[in-house]
Amino acid sequence: MSIPIRSLERIREALASMPETESVDRPFAAGEVLLREGQCSDWIGLVVQGEIELLKRDTSGGEHSVGGLRPGQFLGLLLLSSGEPSFLTARAKTAGRMLVMPRQRFLLLLSNLPGFYQMVGPLLLGNLVSRYRRVVQLHLQVAELSRALGEEKARLQATIRELEATRNRLIQQEKMATLGLLTAGIAHEINNPVASLARAADAIEPALRAVLDQPIGTTELEVLRQGLSEGLRHQPLQTEVQRERLEQLSLRFPDLPRPLLRTLAQIQPAVLEEMVHYVISHPSVERKELARRWVEMFEVGALVRTMRVAAERISGLVRSLKGYSRQDQAEWAEVDLRDGLRDTLVLFGYRLKRFEVVVNLPVPLRVRSRPGDLNQVWTNLILNACEAMGTHGTLTLSGGTEPDGSVWVRVQDTGPGVPPELRERIFESGFSTKKPEDASKGGLGLGLSIARTIVEQHGGRLTVDDAPGGGAVFTVHLPGAGPSARPGHA
Amino acid sequence: MNPIYILCVEDEPEVLAAVVRDLAPFEEKFPLEAASTAAEARRVVREVILPRGKLGVVVCDHVLPGEDGVSFLIALQQDPRTASARKILLTAQAGLAATVEALNRAELKHYVAKPWNPEELRAVVRRQLTDFVLEQETDWCPYLTVLEADRIAEKIRQQPLPGDG
């Protein structure tokens with residue numbers, strides 16, 4: 001509400017001309033504090049010129065502007081009748097002046113001086129109305145603000161839910177990517193024994209037929225049995241050794257076909273010499289024929305051994321796979337971490353083939369865990385090490401126990417290492433040093449973040465450091481399974 | 001006559017034995033050498049095969065300890081003495097990228113997936129050996145019995161007689 005300057009000026013002149021009002025002209029400068037919150041004041045001022053800002057302190061000490069006074073408005077109006085300490089601070093926004101009167105005098109004059117009320121009454125009333133309006137407006141603003149805040153809060157909650165859903169989806173995708181690698185690994189690991197099993201089964205039949213194509217006497221049977229056992233005992237030679245023996249045999253027996261010489265090269269030299277002597281001492285057709293059948297029988301034995309080895313490899317893989325995929329069992333169980341580590345190494349063997357792998361796990365590492373989850377940790381750490389090393393290097397897996405019963409597992413590589421400034425960042429979701437075009441290789445940059453989350457769910461820590469001699473070393477610390485689980489600690 | 005060699009590279013001894021057994025029928029004319037790593041295979045090429053003859057066909061696994069099969073094949077391709085050898089990948093697991101690299105940089109001739117069919121493997125090797133012989137040799141008659149006889153016979157028929165021209 002604004003008072004016409006002319007009537008305000010008239011009021012000021014009138015008040016100033018009445019000595020009983022004891023009014024004083026009070027100029028003020030911009031920024032001057034005219035009234036401080038919490039202090040008492042015994043005067044009331046009528047603003048004649050300039051603007052005054054009203055400030056209120058909140059509980060935490062911050063000051064807020066709660067309105068202002070313009071010419072025609074009173075400063076100290078709220079304190080007029082009560083005389084309580086000031087409710088607000090008043091600070092001059094611009095330079096100006098006001099007409100100041102003692103509070104008691106003002107009150108006295110209001111009821112006693114004829115004409116005084118008629119003069120200032122409308123001003124007082126106008127002041128109160130304008131302040132009341134301001135209060136109503138503030139109420140409306142508060143209502144509007146809390147509605148906007150509510151909306152904002154709802155929107156933020158929706159965003160958080162969305163982010164959580166996205167993160168879960170990404171974790172799921174990362175798991176699927178690992179699963180893809182795992183499947184590829186199993187396909188590779190299982191294909192080799194399956195191939196050698198199938199090929200050995202194919203080769204056994206013609207070999208047996210070649211032995212059985214003629215009647216066998218009792219003495220011959222004994223010789224053939226020996227050929228079979230010799231074959232069953234046979235360990236595949238290193239290709240270098242075999243090449244050398246094949247070379248010598250082909251010089252010694254230039255007429256024999258190479259495939260036969262290759263089989264002869266597999267036979268223990270002493271046994272072979274015995275057979276050569278047997279044939280050469282009496283080079284009859286019968287003796288040559290028996291030697292031929294002996295070699296076929298040796299071949300049969302070697303093929304049976306090959307099949308056993310292949311079958312054992314396949315069942316070993318299946319065992320590892322069963323151990324690895326205990327993810328379905330979400331229950332906590334006491335386990336030896338070495339089992340999961342070994343299963344993971346077996347299943348990702350094809351990824352590790354190009355690296356040296358050193359395993360140093362001398363003591364049981366017993367913890368209470370969700371084993372399937374921890375296998376995810378080993379997988380992520382091992383795959384991370386493989387990626388860091390590229391085409392060659394050494395992966396070292398070691399583990400042990402601390403005096404307090406807690407256990408540690410270290411996965412160390414000989415890659416470029418992790419610079420100190422990235423050591424925390426690599427555990428963030430989506431942080432990846434891989435180029436975007438490599439993303440198809442499986443990683444979403446969640447591997448280490450997931451690993452750390454799982455380790456923390458187990459009450460442990462996952463950290464990274466420089467490995468001695470270059471490379472990175474990731475250390476998992478986990479609480480031990482408890483004293484009962486450590487019979488070794490007497 | 002300098003022999004034309006077949007070289008097999010495979011790190012699993014039982015699998016290598018199976019490959020060698022399957023390819024034994026070719027040994028009558030084409031001696032076979034086996035190696036379990038790329039490094040050993042390089043040594044065999046340098047110390048055994050090249051001093052005596054030529055490298056005709058390589059059957060190579062991809063996932064090997066140390067250097068992988070594809071990079072070994074590329075190295076063979078870059079060496080003029082072995083560039084003409086026919087390269088076959090016999091593997092359970094060569095990713096798309098590695099296979100494409102072998103195609104582009106080693107002129108990979110065939111990809112055989114494990115576990116393989118022995119007849120198919122022999123057919124692939126026979127075709128590649130035939131190609132090699134027709135391309136690199138002038139006297140084809142000795143190979144008629146082990147290789148693709150039709151193609152060799154056809155080629156012999158097409159040859160100008162000594163009196164022609």
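Each chain gets a letter, A, B and so on, in the order its sequence line appears, and its residues count up from 1. Below, all heavy atoms of this structure are taken into account, side chains as well, without hydrogens, waters or symmetry copies.
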Checklist entry - Counting a contact as any heavy-atom pair under 4.5 Å apart, which residues of residues 200-211 of chain A contact chain B? => result A:Ala200, A:Asp202, A:Ala203

Checklist outcome for this item: Output for pair (B:Leu32 CG, B:Glu27 CD), nearest 0.5 Å, gives 4.5 Å

Checklist entry - What do the steps show when you test B:Phe30 against B:Val125 for side chain to side chain contact (heavy atoms under 4.5 Å, CB included), and what is the final call? => result CA-CA 11 Å; B:Phe30 302 94; B:Val125 171; over 6 Å; no

Next on the checklist: What I'd like to find out is whether the side chain of B:Glu148 reaches to under 4.5 Å of the side chain of B:Ile152, using heavy atoms alone.
Outcome noted: no

Checklist outcome for this item: Interface check, chain A: of B:Ala17, B:Ser36, B:Ala18, most non-hydrogen pairs under 4.5 Å belong to B:Ser36

Item to check | Interface residues of residues 302-317 of chain A facing chain B - heavy atom cut-off under 4.5 Å | outcome: A:Leu303, A:Arg305, A:Thr306, A:Val309, A:Arg313

Checklist entry - Picking from A:Leu246, A:Asn192, A:Leu352, which has the most non-hydrogen pairs under 4.5 angstrom with chain B? => result A:Asn192

Checklist entry - Which of residues 250-266 of chain A have a heavy atom under 4.5 Å from any heavy atom of chain B? => result A:Arg258, A:Pro259, A:Arg262

Item to check | Minimal non-hydrogen separation, B:Leu23 against B:Cys8, with atom names | outcome: CD1-SG, 3.9 Å

Checklist entry - Measuring heavy-atom distances to chain A, does B:Asn117 have an atom under 4.5 Å in its side chain, in its backbone, in both, or in neither? => result neither

Checklist entry - Where on A:Gln235 is there a heavy atom nearer than 4.5 Å to chain B: the side chain, the backbone, both, or neither? => result neither

Checklist outcome for this item: CG (A:Leu237) and CD (A:Glu244) are apart, to the nearest 0.5 Å, by 11.0 Å

Checklist entry - Do B:Val19 and B:Trp116 have side-chain heavy atoms sitting under 4.5 Å apart? => result yes

Checklist entry - Which atoms of B:Glu12 come close to chain A, meaning under 4.5 Å heavy atom to heavy atom: side chain ones, backbone ones, both, or neither? => result side chain

Next on the checklist: On a heavy-atom basis, which atom in A:Gly323 and which in A:Asn375 lie closest, and how many Å separate them?
Outcome noted: O-ND2, 3.5 Å

Item to check | For chain A, the option from B:Pro31, B:Ser71, B:Ala113 that forms the most heavy-atom pairs under 4.5 Å | outcome: B:Pro31

Item to check | Under 3.5 Å side-chain donor-acceptor pair for B:Asn2 and B:Lys54 | outcome: no

Next on the checklist: Would you compute the distance between atom CZ of B:Arg86 and atom NZ of B:Lys109 and round it to the nearest 0.5 angstrom?
Outcome noted: 4.5 Å

Checklist entry - Side chains of B:Lys114 and B:Val15: closer than 4.5 Å at any heavy-atom pair? => result yes

Item to check | Choice from B:Pro25, B:Pro13, B:Gly66 maximising heavy atom contacts with chain A below 4.5 Å | outcome: B:Gly66

Checklist entry - About how many Å separate CZ of B:Arg122 and CZ of B:Phe26, when rounded to the nearest 0.5 Å? => result 7.5 Å

Next on the checklist: Given B:Cys60, which partner from the list B:Val9, B:Thr91, B:Leu7 fulfils the side chain to side chain contact (heavy atoms under 4.5 Å, CB included) test?
Outcome noted: B:Val9

Item to check | Flag side-chain contact, heavy atom, 4.5 Å: A:Trp294 against A:Val271 | outcome: yes

Checklist entry - Any salt bridge (charged side-chain N to carboxylate O under 4.0 Å, His left out) pairs touching residues 39-50 of chain B, not counting sequence neighbours? => result A:Glu240-B:Arg43, A:Arg243-B:Glu40, B:Arg42-B:Glu67

Checklist outcome for this item: CZ of B:Arg127 to CD1 of B:Ile88, rounded to nearest 0.5 Å, is 9.0 Å

Item to check | CG on B:Leu103 to OH on B:Tyr111, rounded to 0.5 Å | outcome: 10.5 Å

